Amino acid sequence: MKAVRTAGGLSLRIEPRAALSALLLLAVILAVSVVLIGSGDFPIAPADVVATLLGNGTAAQEFVVQHLRMPRVLVAILVGAALGISGAVFQSVSRNPLGSPDVIGFGQGATVSALTVIVLFQGSAADVAGGAAVGGLVTGAAIYLLAWKRGVHGFRLVLIGIGVAAILTAVIHYLLTMAKLEDATRAVVWMTGSLDGRDWAEFRPLLNVCAVLIPLVLALGRPLRMLEMGDDAAYALGVRVERTRIVLMASAVVLVSVAAAAAGPITFVALSAPQLARRLTRSPGPGLGASALMGAALLLVADWTASNAFGERELPVGVVTGVVGGVYLLWLLVTERKAGRI
């Protein structure tokens, strides 16, 4: 770790490996974004994609890039970053690598609310997105209150979250069985998680929320690192434990909810991104910035795989993240068991 002092007297601590890892992830995000923008029925070479982004493309290229493919890529970046950083927050607060939003019920809460809008009210896409956001927020508040007992203990939060997730999963199955065929088909497509057809309408509200909450969470990275040492140690170091925890968890729940509203309940990105980021940077603490970048990179790579690795049949990105994330979850459980932590 190196300390850097600015001319104004500010002091910053920089970890060379973490900084190099962040630059590597940024390069992956940019490279995969260019490749994704150029992929499709109207292929565009990477050099032409860059030229078009700089304003030097043809009219056809401008239309395809600016109106058809750029919004999808930007939504993927923001959704991946939101899931990655929220997963890092929950895993740090719970001090458990299984403390991920899609494991402890928040994704299921958003799904129940969205399916209610689809099945019972035949709502529009905007209604479904709003319902998903509200469902995630209500579920987050309920789990927090149920886990409260003179504070929120991480192990209790995970256990209650898993129980709530099981109940909500049963509700999801019930809603699917009572739905009409057309509504059930629409619900299953949404539940899978997809970036197909995403445009500027989904990007703008997602950008507004991320622009406020991601910097807020990053600013609380130091108190969050102290919370990992336990409440008593954090109190002794001057951290307002409950206020900090509530702000962090509320911000993470909102980020998960708007991500689900924009792209559906994409699974396992929030679970795997923080752990992969820690292994890449080898840094102590939550690694919030690296987790956000890792989440964006994972979702972009998964979207490219879903679009190009299965011939002419394009899969929803949630299928790829589900398969890869399931394998990762099994590996994580085996690792934790060997270490004696579960």
Side-chain angles (χ1 to χ4, degrees), residues 75 78-83 85-87 89-90 93 100-148 152 157 160-176 178-179 183-184 186-195 197-199 201-214 216-217 245-267 269-270 318:
V75 168
L78 290 182
V79 167
L83 293 175
I85 199 169
S86 62
V89 168
F90 279 109
V93 168
S100 171
D102 44 10
V103 174
I104 60 176
F106 300 114
Q108 289 85 345
T111 301
V112 166
S113 187
L115 293 193
T116 300
V117 173
I118 294 173
V119 174
L120 300 183
F121 302 104
Q122 290 76 47
S124 64
D127 296 332
V128 173
V134 172
L137 292 172
V138 171
T139 305
I143 292 174
Y144 187 86
L145 292 175
L146 289 171
W148 173 269
V152 176
L157 177 69
I160 290 176
I162 291 174
V164 170
I167 295 171
L168 293 174
T169 300
V171 176
I172 291 170
H173 293 158
Y174 170 74
L175 289 171
L176 288 175
M178 65 177 294
D183 292 334
R186 181 184 174 199
V188 170
V189 171
W190 186 87
M191 286 171 55
T192 305
S194 176
L195 295 166
R198 296 303 181 264
D199 57 23
E202 285 87 9
F203 170 73
R204 292 188 184 95
L206 182 62
L207 175 63
N208 292 335
V209 174
C210 290
V212 174
L213 293 185
I214 289 180
L216 174 62
V217 173
R245 184 184 286 125
I246 290 174
V247 171
L248 283 166
M249 290 186 64
S251 300
V253 168
V254 173
L255 287 170
V256 171
S257 300
V258 297
I266 295 174
T267 57
V269 173

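Everything numeric here is computed off the predicted structure, so don't read it as measured data.
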Heavy-atom closest contact (G318 atom, T267 atom, distance): O-OG1, 4.3 Å

Would you name the heavy atoms of D183 and V119 that are closest together and state the gap between them? OD2-O, 4.1 Å

Among all residues two or more places apart in sequence or in another chain, which pass the side chain to side chain contact (heavy atoms under 4.5 Å, CB included) test with L137? V253, V254, S257

Donor-acceptor pair, side chain of S113 and main chain of G109, under 3.5 angstrom: no

Sole residue of L120, V171, I172, V188 in side chain to side chain contact (heavy atoms under 4.5 Å, CB included) with L115: I172

Give the minimum heavy-atom separation between D199 and A201, together with the two atoms involved. OD1-N, 3.0 Å

Any Q108 side-chain heavy atom under 4.5 Å of I167 side chain: no

Output the distance between atom OG (S86) and atom CD1 (I214), rounded to the nearest 0.5 Å. 9.0 Å

Compare every heavy atom of G193 with every heavy atom of I266, then report the nearest pair and how far apart it is. CG1-CA, 3.9 Å

Note: L213 and L255 closest approach over all heavy atoms is CB-CD2, 4.0 Å

Tell me, do I246 and Y144 make a side-chain contact under 4.5 Å, heavy atoms counted? yes

Using a 4.5 Å cut-off on heavy atoms from C-beta on, say whether the side chain of P205 contacts that of V209. no

Quick one: list whatever passes side chain to side chain contact (heavy atoms under 4.5 Å, CB included) with T139, sequence neighbours left out. F106, I143, V164, L168

R198 side chain reached by F203 side chain, heavy atoms, under 4.5 Å: no

Check whether any side-chain heavy atom of D127 sits under 4.5 Å from a side-chain heavy atom of F121, and report yes or no. no

Nearest heavy-atom pair of A82 and A259: which atoms, and what distance? CB-CB, 4.4 Å

What's the spacing between I118 CD1 and R186 CZ if we round to 0.5 Å? 5.0 Å

Once rounded to the nearest 0.5 Å, what's the spacing between atom CG of L206 and atom CG of L78? 4.5 Å

